Amino acid sequence: MLNKYLMSVDGFNYPIMLASLGMGFSSVGASFLIHVCKVDTTRDEVDLAFFVRKFMPIGLAAAICLSTGNMPYLYISVSYIQILKAMSPVFVLIVLSLCGLEKPTLSLVSSVLVIAIGTMIAAFGEISFSIIGTLLMIMSELMEAIKLAATQHLVGDKKLTSLQGTYYLCPATFFWLFLGSFFLEMPRFISDAQEGRGYLLMVTSVHECEIDAGGSVLG
């Protein structure tokens with residue numbers, strides 16, 4: 001709801017930048033909790049080489065997932081997005097099965113098929129249907145499944161808590177989001193700011209940072 005409001009009502013039409021704000025402040029928050037507050041310090045050590053080889057690819061998948069997950073708010077309703085998100089188990093099962101990380105059973109496949117059929121029926125009656133928004137949401141769900149598979153395959157041997165996972169994954173995700181935002185959205189952002197919308201953009205950015213940082217670190 002917040003992202004929909006920021007992009008559709010406030011006019012903050014920068015979905016990649018919006019996602020990067022949350023990841024950036026989540027990275028800062030996780031680092032603060034671990035290094036300053038000394039919370040959850042018994043983590044597996046990760047050197048730079050491991051971080052680049054393992055977490056950076058996962059971060060790329062997460063960045064694409066978050067970006068394409070924000071873009072549909074410009075095209076379709078929140079209710080329709082929630083309906084499409086129910087398809088997530090379908091993509092997860094398909095990707096994990098193709099990667100050999102999950103062995104599908106009859107009961108599991110049946111459950112996923114029920115979810116898929118129910119989603120298609122609900123989507124059929126959607127008034128604010130948009131092919132662009134729908135495809136973007138499907139891409140987001142697919143990349144989420146790929147991220148989960150990559151996480152299980154690449155860092156499954158590391159015993160990381162939720163906070164530790166945030167500490168390592170958010171910076172990697174922020175790196176890719178920052179690159180995407182810099183090349184795809186920053187020129188338009190600067191142009192809008194020069195046209196007198198700079199104050200609105202700044203306030204919206206700070207508000208998003210506060211909400212995303214609190215939600216990501218605490219949740």
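Source: prediction; values computed, not measured.
- Residue Tyr167 holds its OH atom at 11.5 Å from CG of Leu160, rounded to the nearest 0.5 Å.
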Which atom pairs, donor and acceptor, lie under 3.5 Å between side-chain atoms of residues 47-59 and protein residues at least two apart or in another chain?
residue, atom, partner, partner atom, Å
Asp47, OD1, Ala49, N, 3.4
Asp47, OD1, Phe50, N, 2.7

Show every donor-acceptor pair shorter than 3.5 Å between a side-chain atom in residues 110-117 and any protein atom, with sequence neighbours excluded, or say none if there are none.
residue, atom, partner, partner atom, Å
Ser110, OG, Leu106, O, 2.7
Ser111, OG, Ser107, O, 2.9

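- Contacts of Leu135 classified as side-chain contact (heavy atoms from CB on, under 4.5 Å), with partners at least two apart in sequence or in another chain: Ile131.
- With sequence neighbours left out, Thr68 forms a side chain to side chain donor-acceptor pair (under 3.5 Å) with no residue at all.
- Here the shortest heavy-atom pairing between Met71 and Pro15 reads CG-CG, 3.6 Å.
- Of the possible donor and acceptor atoms, one in the side chain of Ser20 sits under 3.5 Å from a partner among the backbone N and O of Met17.
- Taking the side-chain contact (heavy atoms from CB on, under 4.5 Å) definition, one finds that Ile132 meets it with Tyr75, Ser130, Leu136, sequence neighbours left out.
- Qualifying salt bridge (Lys or Arg N to Asp or Glu O under 4.0 Å) partners for Glu144, counting only residues two or more places apart in sequence or in other chains: Lys147.
- Contacts classified as side chain to side chain donor-acceptor pair (under 3.5 Å) and involving residues 82-93 (residues at least two apart or in different chains) are given here: Ser88-Glu141.
- Here the side chains of Leu66 and Leu177 are in contact, with some heavy-atom distance below 4.5 Å.
- Under a hydrophobic-cluster definition in which Ile, Leu, Val, Met, Phe, Trp and Tyr are linked whenever side-chain heavy atoms come within less than 4.5 Å, directly or via other members, Val39 and Val28 are assigned to different clusters.
- Of all heavy-atom pairs spanning Thr173 and Ala62, the tightest one is OG1-CB, 3.6 Å.
- Here the closest non-hydrogen pair linking Ser97 and Leu93 is OG-O, 2.7 Å.
- When all heavy atoms of Cys99 and Ala149 are compared, the pair lying nearest together is SG-CB, 4.4 Å.
- Across all their heavy atoms, Ser26 and Thr166 have their closest contact at O-CG2, 4.1 Å.
- Shown here for Ser140 and Cys65, the closest heavy-atom pair between the two residues is OG-O, 2.8 Å.
- Taken from OH in Tyr73 to CG in Leu18, the straight-line distance is 9.5 Å, to the nearest 0.5 Å.
- The hydrophobic cluster containing Val92, built from Ile/Leu/Val/Met/Phe/Trp/Tyr side-chain heavy atoms closer than 4.5 Å, also comprises Leu96, Leu101, Leu148.
- Other residues, nucleotides and ligands contribute over 12 non-hydrogen atoms within 6.0 Å of the CE atom of Met186.
- In this structure, the separation between CZ on Phe189 and OG on Ser191 is 11.5 Å, given to the nearest 0.5 Å.
- Ser67 places a side-chain N or O within 3.5 Å of a backbone atom of Ala63 that can act as its donor or acceptor partner.
- In this structure, CZ in Phe25 is found 13.5 Å from CZ in Phe32, a value given to the nearest 0.5 Å.
- Considering only residues two or more places apart in sequence or on other chains, Thr151 meets the side chain to side chain donor-acceptor pair (under 3.5 Å) condition with none of them.
- Partners of Ser162 according to the side chain to side chain donor-acceptor pair (under 3.5 Å) rule, which considers only residues two or more places apart in sequence or in another chain, do not exist here.
- The side-chain contact (heavy atoms from CB on, under 4.5 Å) check on Leu98 picks up Ile94, with sequence neighbours excluded.
- When the side chains of ILVMFWY residues are joined at heavy-atom separations under 4.5 Å, either directly or via intervening members, Ile34 and Leu169 end up in a single hydrophobic cluster.
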